[in-house]
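Take a look at the structure set out below.
Lettering follows sequence order; numbering is per chain, from 1.
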Amino acid sequence: MDQELWPSGLRVLVIDNNISYLKVMEELLIKCSYKVTTYNNVREAMSFIYGNEQTVDLIICDLFFPTEDSLLILQEVTSKFGIPTVIMSSNGDTSTVMKYITNGASDFLIKPLRIEELKNIWQHVFRKQIGAEHRKCNIAQHIDQLSYRTTTEATATLDSEIRENNGTVTDILDLRKSRLIWTMQLHRQFIAAVNSLGPEKAVPKKILEIMKVKHLTREQVASHLQASPKKFIPNIVQR
DNA sequence: AGGGTAATAT
DNA sequence: TATATTACCC
């Protein structure tokens, strides 16, 4: 791997109730030059996070089916600390994945994880930080600078969303593209808007108002709403 | 006039 | 297939 442009030292916290798999994860992550902390239960992990603010850059959490503790962690961690969280599970059905993504997960990986996947997870940290310089985590400066070029390249496909705040798309304008692309991020905001309105009130104009995305049109929302049931979006009732 | 949505087009 | 546009309705 590229020594010069690698964000070595990224602090990753892994939570999984399977101790042997925790060991596997630790080895894989260390091979990626990350700094690894592991916990086999949610309570201790949360305690660590609360007691060591600003010392975790990324969380990888098992799904813990069926207690769904991971969902609680996800919501609490993302809202209070803004730490990007990756969910991993051996079960990857669409509704489950969608539920976690809509609740703020940065990614959803299927076990067993390949090292190639772990090599790329650091990107989530930078994606979260784009457009939020003022509250930048205390991630090492050299990592920040050395990684910026590769981060920019890695997120090039999301360039139309460069005006993101805290992972929220606020503008979709991209002169290189003639057609809007509904990225997962944008899609997530759409779903959040639809869910906050009920099935009754979820009409294009109101969805658009709630999404607050510049240059997004009512027609585009309407088109997406029409296509949505086919894509299996949770909680959408067909009329 | 504005807007929802089914149908159709690209 | 995904997104845009049109047609028709309220």
Grab the [atom1]-[atom2] distance between [X] and [N] for me, whole Å please.
X: A/E209; N: B/dG4; atom1: CD; atom2: P; answer: 9 Å
X: A/L180; N: B/dT10; atom1: CG; atom2: P; answer: 20 Å
X: A/L208; N: B/dG4; atom1: CG; atom2: C1'; answer: 14 Å
X: A/H224; N: C/dT5; atom1: NE2; atom2: P; answer: 16 Å
X: A/E219; N: C/dT3; atom1: CD; atom2: C1'; answer: 13 Å
X: A/I207; N: B/dG3; atom1: CD1; atom2: C1'; answer: 13 Å
X: A/F190; N: C/dT3; atom1: CZ; atom2: P; answer: 11 Å
X: A/R218; N: B/dA1; atom1: CZ; atom2: C1'; answer: 12 Å

**OP:** Would you tell me if any nitrogen or oxygen in the side chain of A/R179 comes within less than 4.0 Å of OP1 or OP2 on B/dT10?
**Re:**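 So the side chain of A/R179 is outside the cut-off, no N or O lying under 4.0 Å from OP1 or OP2 of B/dT10.
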
Original post:
Is A/Q220 near enough to C/dA4 that one of its side-chain N or O atoms lies under 4.0 angstrom from OP1 or OP2?
Top reply: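 For A/Q220, the contact criterion (side-chain N or O under 4.0 Å from OP1 or OP2 of C/dA4) is met.
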
Is it true that [X] and [Y] make a salt bridge, defined as a side-chain N closer than 4.0 Å to a carboxylate O?
X: A/D171; Y: A/K212; answer: no
X: A/K23; Y: A/E26; answer: yes
X: A/D57; Y: A/K35; answer: no

Original post:
Going by distance alone, is a donor N or O of one side chain under 3.5 Å from an acceptor N or O of the other, for A/S47 and A/E44?
Top reply: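 No - no donor-acceptor pair under 3.5 Å links their side chains.
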
Original post:
Looking at C/dA2, does its base get a donor-acceptor pair with the side chain of A/Q226 below 3.5 Å?
Top reply: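 Check fails, no donor-acceptor contact within cut-off.
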
